[in-house]
Amino acid sequence: MTAIPETMCAMVLTGHGGTERLEWREDWPVPRPVPGEVLVRITACAKNNTDRKVREGLYSTADDGAVTSFAMAGNTLSFPRIQGADVVGHVVAVGQGVPTDRIGERGLLDFNIYPDARDDLNLAPDYFGHGADGGFAEYGCFPSEQFHAIANPALGDAELATLGMCSWQTGYRMLTSAGVGAGEHVLVTGASGGVGTALLQLCRVIGAIPHAVASAGKAEALHALGAETVIDRNAVGDWPSAIDRATGGATIDAVMDLVGGEMTVPLIQAMCRDMRRRTTPPRLSIAGASAGNVTALPWTLIYLNQVRIFGVSHGTRAEARQLIGWIGENRLKPVLAGIMPLSRLREAERLFVERGRDFIGKLVIVPDRVVAEQGLETMA
């Protein structure tokens with residue numbers, strides 16, 4: 001077993017603001033596992049939009065422009081904090097009560113800090129990288145029961161990180177909340193991102209038929225991930241008509257919305273145009289607001305058509321276990337946009353915001369030493 005150092009490299013968030021609030025440290029103390037925890041030598045950690053939103057303080061629940069962090073479980077964010085939720089690595093030490101035979105295991109973290117032991121509900125979610133330190137470092141301590149062993153040698157560590165729970169559990173929860181079933185037609189907005197690409201695959205796993213909405217130039221890749229049709233969001237003037245043309249007139253049973261803003265109401269209207277053809281109520285799950293945090297909803301559209309709206313942030317322990325099972329069965333495909341070393345996280349944050357038409361899937365952050373050890377190719 002490799003000796004565990006006293007200090008490590010880490011990218012530390014020192015407060016709300018721009019990327020200048022991310023501080024590169026080479027002398028950060030290596031944590032030690034308490035009872036029930038494992039110490040993980042981190043080899044990959046996927047980036048998520050929540051990293052940026054927490055840093056910039058964009059989680060206000062009112063239209064007041066207030067700077068605030070994700071706070072469903074209370075004000076658990078304190079500075080300095082190591083962000084990064086989708087952690088992959090190898091167990092190098094264990095706390096009291098954890099079997100020593102876990103040492104050496106490669107695993108993937110269920111990123112949630114659960115408020116209680118319930119299996120089927122998670123109403124006050126928090127997560128590693130927000131309420132406790134996450135994976136943008138060389139080492140981290142996490143609950144043993146939430147660091148799931150994944151031995152599959154066909155998946156590299158960076159590829160495994162793209163299957164991390166932050167995106168996949170959110171996507172799966174969107175589907176389960178809306179009760180999406182086999183044979184139903186599902187429209188996915190923001191389909192080229194981490195949650196969007198997860199949703200396309202998860203629809204196929206459960207037998208639903210996904211239709212993607214994304215920017216131009218991404219159709220081929222999204223079809224390969226399971227999209228039945230792809231709609232260029234920038235070429236649409238009338239959403240109901242555009243959906244009809246793309247789908248051949250299929251009834252959209254549910255919308256998985258990662259965008260919000262002005263597009264949400266037209267998508268609801270598209271589901272409500274011919275209620276006689278429907279066999280289930282129109283359903284919308286929303287888990288993002290990249291196009292705007294405030295949308296004017298005509299409530300008569302909602303209640304007269306019995307539209308069901310589900311707000312989704314994190315999923316449950318049971319859903320996490322199901323996803324881990326599907327990973328073990330090779331039913332979920334990694335979508336790796338690229339790798340960047342941990343020391344370039346500020347640059348990765350800018351790339352993530354400015355990502356263009358060739359950017360699909362997940363950007364993964366890898367500690368510099370691991371990049372060198374494994375000879376990994378990183379983005380220019």
Side-chain angles (χ1 to χ4, degrees), residues 40 42-52 83-90 106-112 127-129 134-136 147-174 188 190-205 210 212 214 218 221-222 224-227 258 287-288 314-315 319-320 322-342 344-345 348-349 351-352 355 358-367 370-371 374 376-379:
V40 175
I42 297 166
T43 53
C45 184
K47 261 202 59 55
N48 292 284
N49 201 40
T50 190
D51 302 323
R52 176 188 65 86
Q83 294 185 285
D86 289 331
V87 179
V88 170
H90 300 257
R106 181 181 75 156
L108 172 65
L109 178 68
D110 171 1
F111 77 125
N112 288 283
Y127 60 96
F128 289 94
F136 292 152
F147 193 71
H148 296 275
I150 307 285
N152 188 343
L155 287 174
D157 291 352
E159 290 179 311
L160 181 57
T162 71
L163 302 176
M165 297 294 105
C166 190
S167 290
W168 287 84
Q169 198 184 32
T170 299
Y172 191 36
R173 184 64 178 173
M174 293 175 81
V188 179
S192 64
V195 181
T197 54
L199 276 163
L200 297 179
Q201 294 192 56
L202 289 168
C203 281
R204 293 301 186 181
V205 168
K218 300 181 178 182
L222 297 179
L225 291 173
L258 299 165
H314 296 190
E319 288 162 347
Q322 176 63 84
L323 289 165
I324 292 295
W326 283 334
I327 292 171
E329 296 168 2
N330 294 314
R331 299 188 69 184
L332 308 181
K333 178 182 177 181
V335 186
L336 178 60
I339 293 171
M340 293 190 76
L342 178 61
R344 292 173 58 196
L345 181 59
E349 289 274 7
L351 174 65
F352 190 81
R355 54 193 186 272
D358 58 344
F359 193 106
I360 294 176
K362 302 289 284 188
L363 178 60
V364 174
I365 306 302
V366 175
V370 176
V371 170
Q374 300 184 10
L376 298 176
E377 181 179 350
T378 60
M379 299 182 74

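Computation of the quantities below employed the complete heavy-atom set of this structure, encompassing side-chain atoms and omitting hydrogens, waters and symmetry-equivalent molecules. All of these numbers come straight from a predicted model, not from anything done at the bench.
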Open item on the list: Can you tell me how the ring of Phe111 sits relative to the ring of Tyr127, calling it parallel under 30°, perpendicular over 60° and tilted otherwise?
Closed with: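 It falls in the tilted class, 30° to 60°.
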
Where do [X] and [Y] come nearest, in terms of heavy atoms and distance?
X	Y	result
Ser167	Asn48	OG-OD1, 3.2 Å
Lys47	Lys362	O-NZ, 3.1 Å
Leu222	Ala212	CD1-CB, 4.1 Å
Ala46	Asp51	O-OD2, 4.5 Å
Ala85	Cys166	CB-CB, 4.3 Å
Ile327	Asn152	O-ND2, 4.4 Å

Using 0.5 Å steps for rounding, measure from the [atom1] atom of [X] to the [atom2] atom of [Y].
X	Y	atom1	atom2	value
Leu200	Ser192	CG	OG	9.5 Å
Leu160	Leu336	CG	CG	11.5 Å
Ile339	Thr378	CD1	OG1	8.0 Å
Thr162	Asp86	OG1	CG	9.0 Å
Met340	Leu363	CE	CG	6.5 Å
Arg106	Phe147	CZ	CZ	9.5 Å

Close side-chain approach of [X] and [Y], heavy atoms under 4.5 Å:
X	Y	result
Trp326	Leu202	yes
Met174	Leu258	yes
Met165	Ile324	yes
Arg52	Glu349	yes
Val366	Gln374	no
Ile42	Phe136	no
Leu109	Phe128	yes

Met379 backbone acceptor or donor facing Arg344 side chain under 3.5 Å:
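Yes, because the side chain of Arg344 sits within donor-acceptor range (under 3.5 Å) of the backbone of Met379.
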
Please collect all salt bridge (Lys or Arg N to Asp or Glu O under 4.0 Å) contacts where either partner lies in residues 161-171, sequence neighbours excluded, each pair once.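 Passing the test, one end in residues 161-171: no pairs.
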
Problem set entry | Heavy atoms of other groups near Glu377 CD, more than 12 under 6.0 Å |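 No.
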
